[in-house]
Q: 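Take a look at the following structure, please.
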Protein chains: 2
Amino acid sequence: MTKTLGKTRDKTRIQRKNTATILEAALDVFSTHGFRGSTVDQIGNAAGLSKPNLLYYFSSKEAIHNALLSGLMDTWLDPLRALDAQGDPLPEILNYVCRKLKMSREFPRESRLFANEIIQGAPRIMGALDAELRPLVDEKCAVIAGWIAAGKIAPVHPYHLMFSIWSLTQHYADFDVQVHRILGQDTDPYPEAEVYLETLFTRMLTPQTI
Amino acid sequence: MTKTLGKTRDKTRIQRKNTATILEAALDVFSTHGFRGSTVDQIGNAAGLSKPNLLYYFSSKEAIHNALLSGLMDTWLDPLRALDAQGDPLPEILNYVCRKLKMSREFPRESRLFANEIIQGAPRIMGALDAELRPLVDEKCAVIAGWIAAGKIAPVHPYHLMFSIWSLTQHYADFDVQVHRILGQDTDPYPEAEVYLETLFTRMLTPQTI
DNA sequence: GTCTATACAAAGATAGAC
DNA sequence: GTCTATCTTTGTATAGAC
């Protein structure tokens, strides 16, 4: 609102910074407690801002949640988009598994945010599932079906293969607490998980030449 | 409080019926919205009882939730308890997978209740994880390690094998909405899931004789 | 045992001063 | 842009009539 470019850019910089801080804090809170289980106060505290100030940047609690979700689906699908129909079938799939596992490791909160949303009936991302997820999955499953038909990998149900990759990799983010209760608090499960999953998919997908 | 056995039993019968109705309704609501996302009103409506009447049977919202959780862990571990160290290794594991998948099919709400709890940090069942889940898992993983050492099944990390069984089977209950969005609303995913999982674990665990 | 009415606390959102 | 104070709604739980 001020006239000078300098001040305008200052404002924008603060806004950007606070917006980012809020989203960061909100990710923490929403991913742990779910949408209805989270309060604006909690998010404010986590962000170091007062409740009214927080609502100066976002018009409502739901607006914050939407901002998080709207960016999420895109990022979430990146590893699958990178699956290359022209590549070597088995390595392509193993690399996809690897990328997905890396996402769980690096973005566990995003994974839990997504999981919370799906478990609770996906009320806010049902549209994105139909518009973005399903078409991409259909496309990539067709690729996999092609590889199977060509005898490049062993025959399996492409869609359930997809489900298995998701569930196996996301488990380490979503059920993190349980994994650590079993393996011990100080254990990093990811290195062994990577070995395990590579073994699993290699054995399952290697064509039987007998 | 009445003197005659008849009336006393009548009361008890009503109490049992209403208690069961409430728990049934609460399972519906809690498994969908999580603890903090659920309201006593919702549960009351689902149970066909007024809010105060519901609180006549359970002292608080948390008491209802506790009643559900306390029974859950035991049921949840039954399929794993049945894993028999004396049995044939591969069929034993495949049967465990099968029982676990059947649990997802028959008790999807219980699965989601559990998933909600774990994702949100397991505040109310951390104790049960340490006291019941971990010892049982340790025991059964030792059995599996024995089978591997004896060359009865191919070498894999026993604990990650366990995680993979859980994640693959529970996925069909917890991410039910997503599965149906991908496969179509009217598709029953379980028959093909069973074939897929049997194939997966057979290929992974069959010892390589080469 | 079940209801209506209500107390009480928590949470979302706004007003208005600074 | 940020705060204090406040309004309003919603939600947990209880009081007390029937």
Side-chain angles (χ1 to χ4, degrees), chain A residues 1-26 28-30 32-69 116 120 123-124, chain B residues 1-26 28-30 32-68 120 123-124:
Chain A
M1 294 305 177
T2 51
K3 282 182 177 178
T4 72
L5 267 176
K7 282 189 182 174
T8 304
R9 278 173 55 222
D10 260 6
K11 263 188 175 176
T12 303
R13 202 178 52 80
I14 291 180
Q15 282 186 345
R16 260 204 281 267
K17 191 195 159 206
N18 277 346
T19 302
T21 307
I22 291 168
L23 288 176
E24 166 69 20
D28 252 20
V29 177
F30 281 135
T32 307
H33 301 101
F35 178 72
R36 288 183 57 181
S38 305
T39 72
V40 179
D41 258 330
Q42 276 181 296
I43 300 172
N45 286 338
L49 294 172
S50 70
K51 184 160 60 175
N53 197 11
L54 196 150
L55 290 168
Y56 167 78
Y57 289 98
F58 291 89
S59 60
S60 70
K61 171 179 162 180
E62 189 156 17
I64 307 175
H65 197 252
N66 284 342
L68 285 173
L69 283 184
N116 261 310
Q120 306 192 358
R124 284 166 284 262
Chain B
M1 294 302 180
T2 52
K3 283 182 178 180
T4 71
L5 269 176
K7 281 190 181 173
T8 303
R9 280 173 52 219
D10 260 5
K11 262 188 176 177
T12 302
R13 200 177 53 78
I14 290 180
Q15 280 185 346
R16 259 205 280 269
K17 190 195 158 205
N18 276 348
T19 302
T21 307
I22 291 169
L23 287 176
E24 166 69 20
D28 251 20
V29 176
F30 281 135
T32 307
H33 299 102
F35 178 71
R36 288 182 57 182
S38 304
T39 73
V40 179
D41 257 331
Q42 277 181 296
I43 300 171
N45 286 338
L49 294 172
S50 70
K51 186 161 55 174
N53 196 13
L54 195 152
L55 290 168
Y56 168 78
Y57 288 97
F58 290 88
S59 60
S60 70
K61 172 180 161 180
E62 188 155 17
I64 306 175
H65 198 250
N66 285 342
L68 285 175
Q120 305 191 358
R124 283 165 285 262

Q: How would you list, by chain and number, every residue that makes a side chain to side chain contact (heavy atoms under 4.5 Å, CB included) with B/Ala67, sequence neighbours excluded?
A: B/Leu23, B/Phe58

Q: List the residues meeting side-chain hydrogen bond (donor to acceptor under 3.5 Å, both in side chains) with A/Glu62, not counting sequence neighbours, and say none if there are none.
A: none

Q: Under a 4.0 Å heavy-atom cut-off, which of residues 42-58 of chain A touch DNA chain C?
A: A/Lys51, A/Pro52, A/Leu55

Q: How close or far is atom C1' of D/dG11 from atom NE2 of B/His33, stated in whole angstroms?
A: 15 Å

Q: In whole angstroms, how far is the P atom of C/dA11 from the CD atom of A/Glu62?
A: 18 Å

Q: Mind calculating the distance between CZ (A/Arg16) and C1' (D/dG1) to the nearest angstrom?
A: 17 Å

Q: Using 0.5 Å steps for rounding, measure from the CD atom of B/Glu24 to the CG atom of B/Asp28.
A: 6.0 Å

Q: Testing B/Asn45, B/Ile22, B/Thr21, B/Asn18 one by one against B/Leu54 for a side-chain contact (heavy atoms from CB on, under 4.5 Å), which residue passes?
A: B/Ile22

Q: Please name the pair of heavy atoms, one in A/Gln15 and one in A/Tyr56, separated by the smallest distance, quoted to 0.1 Å.
A: NE2-OH, 4.3 Å

Q: Let me have the donor-acceptor pairs involving side chains of residues 34-42 of chain A, under 3.5 Å, with sequence neighbours excluded, atom names and distances please.
A:
from	atom 1	to	atom 2	distance (Å)
A/Arg36	NE	B/Gly37	O	3.1
A/Arg36	NH1	B/Gly37	O	3.1
A/Arg36	NH2	B/Gly37	O	2.8
A/Ser38	OG	A/Val29	O	3.3
A/Ser38	OG	A/Gly34	O	2.6
A/Thr39	OG1	A/Gln42	N	3.0
A/Gln42	OE1	A/Thr39	N	3.0

Q: Could you state the CG-P distance from A/Asp41 to C/dT14, rounded to the nearest angstrom?
A: 15 Å

Q: Can you figure out which of C/dG12, D/dA13, D/dG1 approaches the side chain of A/Val40 most closely?
A: C/dG12

Q: Would you tell me if any nitrogen or oxygen in the side chain of B/Arg36 comes within less than 4.0 Å of OP1 or OP2 on C/dA11?
A: yes

Q: Would you mind reading off the distance between B/Asn18 atom CG and C/dG1 atom C1', rounded to a whole angstrom?
A: 9 Å

